[in-house]
Number of protein chains: 2
Amino acid sequence: MSNTSVRSIRRGDLARATGCNLETIRYYEKIGIMPDPPRSTKGYRSYDDAHVKRLKFVMRSRDLGFSLEEVRGLLGLVDDRSRTCAEVQIIAEDHLTDVQAKIADLQRIERVLSDTVARCTGDAAPECAVIDALLDA
Amino acid sequence: MSNTSVRSIRRGDLARATGCNLETIRYYEKIGIMPDPPRSTKGYRSYDDAHVKRLKFVMRSRDLGFSLEEVRGLLGLVDDRSRTCAEVQIIAEDHLTDVQAKIADLQRIERVLSDTVARCTGDAAPECAVIDALLDA
DNA sequence: TCTAGGGTCTGTAGTTGATACAGGCTCAAG
DNA sequence: CTTGAGCCTGTATCAACTACAGACCCTAGA
């Protein structure tokens with residue numbers, strides 16, 4: 001077994017290790033997404049591998065569009081492994097439904113926009129199909 | 001010609017006529033999206049058909065995903081018709097590009113989510129493909 | 001005439017998910 | 001010993017609203 005585990009890193013190191021913004025780490029701590037880490041004698045935050053892993057989890061979840069409240073729910077399931085796969089599935093499926101609805105909305109918007117832009121003459125005239133569509137719809 | 005034009009309506013009526021939230025009207029006034037309306041002797045805001053039309057324009061634009069800054073730009077073109085169709089086209093095309101990028105992002109997210117959820121057993125076990133994917137990716 | 005209820009007025013605070021900054025410590029290198 | 005980087009804290013800012021408190025005002029009914 002390799003023993004590359006990091007004994008103690010500081011906030012800047014955690015930021016670099018995860019790609020997270022420095023200030024965001026403090027924000028996640030404030031709202032309870034990340035735990036209050038131990039401190040050095042001079043008050044510096046001290047993180048380890050478990051923190052790196054947890055923050056990466058949070059960032060991947062956010063990247064997939066889970067809200068912080070949803071991430072909180074997922075973390076609860078990570079922290080308390082006595083809870084079930086079925087609970088996770090429900091959160092993920094709800095979120096998938098949201099994502100699909102957003103895609104449908106954006107596709108409707110895309111249709112309206114591209115139809116309207118296509119009717120643009122694009123010249124110097126003050127008449128404009130986009131403005132007309134917005135004014136008269 | 002019909003003469004159904006509304007001489008003077010109040011804020012609540014404007015909200016009902018447009019479907020806009022009551023407080024949002026005041027907010028749009030504060031940030032200059034809607035003009036400061038004339039007031040009654042007792043200080044009540046007094047709106048007319050032009051306000052209804054303008055607010056509907058704003059709401060349709062917002063609904064199509066234009067930011068308030070973009071809406072401000074579009075309104076500038078409505079207010080000053082000496083400006084050109086070409087200017088509108090640029091704003092709309094930029095926005096269309098944004099929308100298309102967002103759709104692509106969401107489709108990537110949808111793929112990851114649905115693949116992961118499909119691997120869920122959905123049972124009472126504490127092992128979970130979603131959590132594992134988020135932890136180990 | 002009094003009263004009850006709605007509507008409206010103002011300013012201000014809260015929401016989500018961060019990001020930025022000021023002013024002060026601490027730490028390691030040269 | 002100094003210099004610069006990094007860290008600490010609290011607070012302000014952003015978009016785009018939404019909500020609330022406390023004070024007016026207006027109309028209808030008894």
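Excluded from the calculations below are hydrogen atoms, water molecules and symmetry mates; all remaining heavy atoms, backbone and side chain alike, are included. So that the names make sense, note that chain A is the first sequence line, chain B the second, and so on, each numbered from 1.
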Taken to the nearest whole Å, CD/A:Glu29 to C1'/D:dC8 is 11 Å
How many angstroms lie between atom CG of B:Leu106 and atom CG of B:Leu113, to the nearest 0.5 angstrom?
-> 10.0 Å
B:Thr18 pairs by side-chain contact (heavy atoms from CB on, under 4.5 Å) with which of B:Lys53, B:Lys56, B:His51?
-> B:Lys56
Do side-chain atoms of B:Arg54 reach the backbone of B:Met34 as a donor and acceptor pair under 3.5 angstrom?
-> no
Between A:Asp115 (side chain) and A:Val112 (backbone), is there a donor-acceptor pair under 3.5 Å?
-> no
Among residues two or more places apart or on two chains, list those pairs meeting side chain to side chain donor-acceptor pair (under 3.5 Å) that have a residue in residues 33-46 of chain A.
-> A:Ser8-A:Ser46, A:Glu29-A:Arg45
Atom CG of A:Asn21 and atom P of D:dT13 are separated, to the nearest Å, by 19 Å
Could I get the full list of side-chain hydrogen bond (donor to acceptor under 3.5 Å, both in side chains) partners for B:Asp63, not counting sequence neighbours?
-> none
Taking for A:Leu68 and for B:Tyr44 the nucleotide of DNA chain C with the nearest heavy atom, the one nearer the 5' end belongs to B:Tyr44
Return the value, rounded to whole Å, for the distance between atom CZ of A:Arg11 and atom C1' of D:dG6.
-> 9 Å
Residue set satisfying side-chain hydrogen bond (donor to acceptor under 3.5 Å, both in side chains) with B:Thr97, at least two apart, ordered chain then number -> none
May I ask you to list the residues of residues 92-106 of chain B, by number, that have any heavy atom positioned under 4.0 Å from an atom of DNA chain C?
-> none
Applying salt bridge (Lys or Arg N to Asp or Glu O under 4.0 Å) to A:Asp98 and not counting sequence neighbours gives none
Length of the line joining B:Ile31:CD1 and D:dT18:P, which is rounded to integer Å | 12 Å
Contacts of B:Glu23 that satisfy side-chain hydrogen bond (donor to acceptor under 3.5 Å, both in side chains) - sequence neighbours left out | B:Arg26
Want to settle it: does A:Gly12 or B:Phe66 sit nearer the 5' end of DNA chain D, counting the closest nucleotide to each?
-> A:Gly12
Side chains of residues 64-75 of chain A: which donor-acceptor partners sit under 3.5 Å, not counting sequence neighbours?
residue, atom, partner, partner atom, Å
A:Ser67, OG, A:Glu69, N, 3.4
A:Ser67, OG, A:Glu70, N, 3.1
A:Glu69, OE1, A:Arg72, NE, 3.3
A:Glu69, OE2, A:Arg72, NE, 3.0
A:Glu69, OE2, A:Arg72, NH2, 3.3
A:Glu70, OE1, A:Ser67, N, 2.7
A:Arg72, NH1, A:Ile31, O, 2.8
A:Arg72, NH2, A:Ile31, O, 3.2

Starting at CG of B:Asp63 and ending at P of D:dC17, how long is that distance when rounded to a whole Å?
-> 11 Å
Donor-acceptor contact below 3.5 Å, side chain B:Asp13 vs main chain B:Arg10 = yes
Answer yes or no: is there a side-chain heavy-atom contact under 4.5 Å between B:Leu55 and B:Tyr47?
-> no
Mind jotting down which residue pairs meet the side chain to side chain donor-acceptor pair (under 3.5 Å) criterion with at least one end in residues 99-111 of chain A? Sequence neighbours excluded, please.
-> A:Gln100-B:Glu110, A:Glu110-B:Gln100
When the distance from CZ of B:Arg10 to P of D:dC26 is rounded to whole Å, what number comes out?
-> 9 Å
Do the side-chain N or O atoms of B:Thr24 get closer than 4.0 angstrom to the phosphate oxygens (OP1, OP2) of D:dT18?
-> yes
Find the bend of the helix from C:dT1-D:dA30 to C:dG30-D:dC1 as the angle between its two terminal axes (five pairs each), to the nearest 10°.
-> 20°
Between P of D:dC24 and CZ of B:Arg45, the distance in whole Å = 17 Å
Set of side-chain hydrogen bond (donor to acceptor under 3.5 Å, both in side chains) partners for B:His95, sequence neighbours left out = none
A:Tyr27 OH to D:dT13 C1': how many Å, rounded?
-> 14 Å
Polar pairs (N or O, both sides) under 3.5 Å between protein and nucleotides 10-12 of chain D?
residue, atom, partner, partner atom, Å
D:dG10, N7, A:Arg26, NH1, 3.2
D:dG10, O6, A:Arg26, NH2, 2.3

What is the 5' to 3' range of DNA chain C, first to last nucleotide, that sits under 4.0 Å from any heavy atom of chain A?
-> C:dG17 to C:dC27
